[in-house]
Asker: 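Would you mind keeping the following structure in view while I ask a few things?
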Protein chains: 4
Amino acid sequence: MSHAPNPDLRSPRVHRSTLDAALELAVRDGYVNVTVEAIAAAAQVGKQTIYRWWPNKAAVLLEALNDRTGPASQVPDTGDITADLTAALQGVMELLSTDLGTIWRGLIGDAQRDPRLAEDIRRTFLEPRMLYWEQRLGSAIAEGLLRADVPPRTVVELLFGPVYYRLLLETDPLDPEHAAARVDYLLNGLKA
Amino acid sequence: MSHAPNPDLRSPRVHRSTLDAALELAVRDGYVNVTVEAIAAAAQVGKQTIYRWWPNKAAVLLEALNDRTGPASQVPDTGDITADLTAALQGVMELLSTDLGTIWRGLIGDAQRDPRLAEDIRRTFLEPRMLYWEQRLGSAIAEGLLRADVPPRTVVELLFGPVYYRLLLETDPLDPEHAAARVDYLLNGLKA
Amino acid sequence: MSHAPNPDLRSPRVHRSTLDAALELAVRDGYVNVTVEAIAAAAQVGKQTIYRWWPNKAAVLLEALNDRTGPASQVPDTGDITADLTAALQGVMELLSTDLGTIWRGLIGDAQRDPRLAEDIRRTFLEPRMLYWEQRLGSAIAEGLLRADVPPRTVVELLFGPVYYRLLLETDPLDPEHAAARVDYLLNGLKA
Amino acid sequence: MSHAPNPDLRSPRVHRSTLDAALELAVRDGYVNVTVEAIAAAAQVGKQTIYRWWPNKAAVLLEALNDRTGPASQVPDTGDITADLTAALQGVMELLSTDLGTIWRGLIGDAQRDPRLAEDIRRTFLEPRMLYWEQRLGSAIAEGLLRADVPPRTVVELLFGPVYYRLLLETDPLDPEHAAARVDYLLNGLKA
DNA sequence: GCTTAAGCGAGACGGTACGTCAAGTCTTCAC
DNA sequence: GTGAAGACTTGACGTACCGTCTCGCTTAAGC
């Protein structure tokens, strides 16, 4: 019965204030304690209005996070794949060390029970970033700088997998200062 | 004021049937759809009885999973670190490809909102396994087989991080058949 | 600050199609399930336009009902008060036995929570009809046909009260065929 | 999915405090402004608990009203049908002139949109009272005191119909002081 | 004929209450 | 005192409809 709303008529004020309020609340109270109702109240927005544009609080926060973080690859291509990889790794670790990292944990946590959210996370966040590095790594392989038999996607996973491991399992704190060493291990191998 | 229950008086029947029912329900209905109420009903056990011995459904399932999976390191020490690492990696990937992997995802998901659960996961599951491999890797370093400047824990993360990345973010399906290649990349480096 | 709209500029098309759509929807879906939104959609009219001319759906339906039913006293004055009373009573019962009776129930139901609606119902519907019969009864009293000590208004209530009792409380279905008997009881008394 | 609760295990405290709180709120804020949530809060009771035992606020208030009003026929049988009818009529009018009358209006109003409520009103309130007077009137007829061709139920409607007419349509305030006159009109007829 | 002020269709908006769900606690009874 | 059964409080959920608002559009009146 509920018609799809017309995006052209969407109120920019509502859009903005919802994203802002959601993020602020999540930072202040923690991802778990945020409710759609609280976002609505804080954003001076009707609850139904939020549900008109987002399926749940996770979707709001994902968009808020993407909105805040900006598009993928903030790291310039200097031509030096090692340096750029290090910069990217360090950047991600630093980002995930902030309040936003905590929210990100919550989102990924919720994604374990909500396939649509998981899909949105991949589509709007992970894939663009993975794709960029796959391409960079592909170029490096083409230039003969890296082993040709290693799938770029695997390298990306070796790079970022451990970061998410620490983020989500909290076995150790994230250590942006060791980003360079990690890249070194990866590129040069572990054998003595 | 709820007294701590006396573990000596704990009914083994209740303990067993609760774990079994929880696992069965989680496999059948999915982690999300399991409720303590359903476990209690399926196990022919009072809801309060479950809450007497576990804080929530996640704790029940964590114990059920540990109970089913058995203790860490099912992989024998053959002396060949490369082969053993490969076997371990492949074993984990295979395990996480089953129904249990789905439950495991749910648990880690919930752990993002429940620090106590996160702690229990680390203590009862992750740390024993990480510790075992840290020791094996330490020995390998001592034997001069691996670079001495690489912390064993980092190696463990490089090994299992990507697995959890795929498990939790579902960017690609787990591929136990490529375990050997992954270990190879890691030990031999990616440089051409 | 919403200006009072200018009735001269009111679109007759809107007026008509709103009343018609409202009545049609109420008959089809039942009074309860009619919403202003649905009326607007069915009448091809903006929701705001309805709210410009009526305070709520009840007001629309009250006017629609009055519009359909026509002015009070469809019963000609034959000079025979008993016969005319019977005809009137029977007419009301028959009217209230139709779909319009159901809508009428809904309106009176809503009037219990909306004093303004109650007032409108009295003013536009009940009072004109009561007034007419009070006058007829007054004449009959003046002619010495009826007891002089009985207030005409009380007679009207004795006549129509039981009808509304059945309509609203549904203890029994309306029985237009017994209208004559009812008038008889009333005029001749119940004593043996 | 939701099991029917077991009435034997129903908490008397909850039952009582819910009815009391509902009535108090309805008197204080008016029937319309009562919400299930407010009743729950005022009664120190979970909202879910109210929904476990009653379908909606109307059902709560109906029971509360019945609980307060007590069983049908507070009027003793003196043997004098005229006097007893007068007493009953006056009693009802007085009752409906109080705050409870306002609540009663709200309930009957809601019953216009909720057939189940209407049925409950008839079953728990109206029918017992109507039945009592039908029997009394039946006896009077048997004794030859009243016309034998008038159905007792019709007499009851002639008696109470006008009361509900005034209650629900508010054409005039209830006038308990004229109860005797009304009975007189009815029993003795209106013809001069 | 051009301006302008209204009514109008459409539909997004803030808000209130709804009825539902699961969580975790408390109570009762049987053993 | 353990355990089964289940009623309880709590809090968030997502929905429905209300009545208001904002946006262009059309339409009639007045210059």
Side-chain angles (χ1 to χ4, degrees), chain A residues 1-11 13-15 33-38 40-41 43-53 55-57, chain B residues 2-3 5-6 8-11 13-14 32-38 40-41 43-57, chain C residues 2-3 5-11 13-14 32-38 40-41 43-57, chain D residues 1-11 13-14 33-38 40-41 43-53 55-57:
Chain A
M1 267 318 100
S2 61
H3 311 303
N6 182 344
D8 295 342
L9 298 180
R10 183 171 190 179
S11 153
R13 173 184 63 82
V14 163
H15 196 170
N33 302 310
V34 175
T35 66
V36 173
E37 198 133 334
Q44 291 275 67
V45 146
K47 184 156 56 141
Q48 184 64 75
T49 301
I50 294 186
Y51 280 110
R52 185 161 23 239
W53 301 110
N56 47 48
K57 77 160 175 181
Chain B
S2 61
H3 309 300
N6 181 345
D8 295 342
L9 297 179
R10 182 172 191 178
S11 153
R13 172 184 65 82
V14 164
V32 199
N33 304 309
V34 176
T35 65
V36 174
E37 196 131 341
Q44 288 278 75
V45 148
K47 184 156 56 141
Q48 183 57 58
T49 303
I50 294 186
Y51 279 110
R52 185 155 27 234
W53 303 109
W54 294 277
N56 47 46
K57 80 162 174 181
Chain C
S2 60
H3 309 299
N6 181 346
D8 295 342
L9 297 179
R10 181 172 192 177
S11 152
R13 172 184 63 82
V14 163
V32 198
N33 303 309
V34 175
T35 66
V36 173
E37 196 130 342
Q44 289 277 73
V45 146
K47 187 158 50 142
Q48 183 58 60
T49 302
I50 294 186
Y51 279 109
R52 186 158 23 238
W53 302 110
W54 292 277
N56 47 46
K57 79 160 175 181
Chain D
M1 270 313 102
S2 61
H3 311 303
N6 182 344
D8 294 343
L9 299 180
R10 183 171 191 179
S11 153
R13 173 185 63 80
V14 163
N33 302 310
V34 174
T35 66
V36 173
E37 199 131 334
Q44 291 275 67
V45 147
K47 182 158 58 142
Q48 183 65 78
T49 301
I50 293 187
Y51 280 110
R52 189 168 9 247
W53 301 110
N56 47 48
K57 77 161 175 180

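First the proteins, then the strands, lettered A, B, ... as listed; each starts at 1. Only a predicted model underlies this, so the values are computations on that prediction, with no experimental measurement involved.
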Asker: Let me test you: for the helix from dG1(E)-dC31(F) to dC31(E)-dG1(F), what is the angle between the axes at its two ends (five pairs each), rounded to 10 degrees?
Answerer: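 The end axes of the helix from dG1(E)-dC31(F) to dC31(E)-dG1(F) are about 20° apart, to the nearest 10°.
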Asker: Applying side-chain contact (heavy atoms from CB on, under 4.5 Å), name anything that partners Gln44(B), two or more places apart in sequence or on another chain.
Answerer: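 With neighbours one apart ignored, the set is empty.
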Asker: Using every non-hydrogen atom in the two residues, find where Lys57(A) and Val34(A) come nearest and quote the distance to one decimal.
Answerer: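 Closest approach of Lys57(A) to Val34(A): NZ-O, 3.0 Å.
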Asker: Whole angstroms only, please: what is the CG-P distance between Asn56(D) and dA16(F)?
Answerer: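 Spelled out: CG on Asn56(D) to P on dA16(F) is 18 Å.
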Asker: Work out which heavy atom in Gly46(C) is nearest to a heavy atom in Ala40(C); give both atom names and the distance.
Answerer: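 Shortest heavy-atom contact: C-CB, 4.2 Å.
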Asker: Suppose we screen for side chain to side chain donor-acceptor pair (under 3.5 Å). Which residues come up paired with Arg52(A), at least two apart in sequence or across chains?
Answerer: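 With neighbours one apart ignored, the set is Thr49(A).
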Asker: Glu37(C): which residues meet the side-chain contact (heavy atoms from CB on, under 4.5 Å) condition with it, sequence neighbours left out?
Answerer: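 In terms of side-chain contact (heavy atoms from CB on, under 4.5 Å), with neighbours along the sequence ignored, Glu37(C) is linked to Thr35(C), Lys47(C).
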Asker: Within this structure, what is the CG-to-P distance between Asp8(D) and dG6(F), rounded to whole angstrom?
Answerer: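 Computing the Asp8(D):CG to dG6(F):P distance gives 12 Å.
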Asker: Mind checking what makes ring-ring contact (aromatic ring centres under 6.0 Å, His included) contact with Trp54(B), not counting sequence neighbours?
Answerer: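 Partners of Trp54(B) under the ring-ring contact (aromatic ring centres under 6.0 Å, His included) test: His15(B).
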Asker: Excluding sequence neighbours, so at least two apart, what forms side-chain contact (heavy atoms from CB on, under 4.5 Å) with Asn6(D)?
Answerer: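 For Asn6(D) the side-chain contact (heavy atoms from CB on, under 4.5 Å) partners, ignoring immediate neighbours, are Asp8(D), Leu9(D).
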Asker: Summarise protein proximity over nucleotides 12-17 of chain E in one line of letters, 5' to 3': B for base, S for sugar-phosphate only, - for none, counting protein heavy atoms closer than 4.0 Å.
Answerer: BBBB-S
Asker: Partners of Asn56(A) by side-chain contact (heavy atoms from CB on, under 4.5 Å), sequence neighbours excluded?
Answerer: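 Result, side-chain contact (heavy atoms from CB on, under 4.5 Å) vs Asn56(A): Ala58(A), Ala59(A), Asp114(A).
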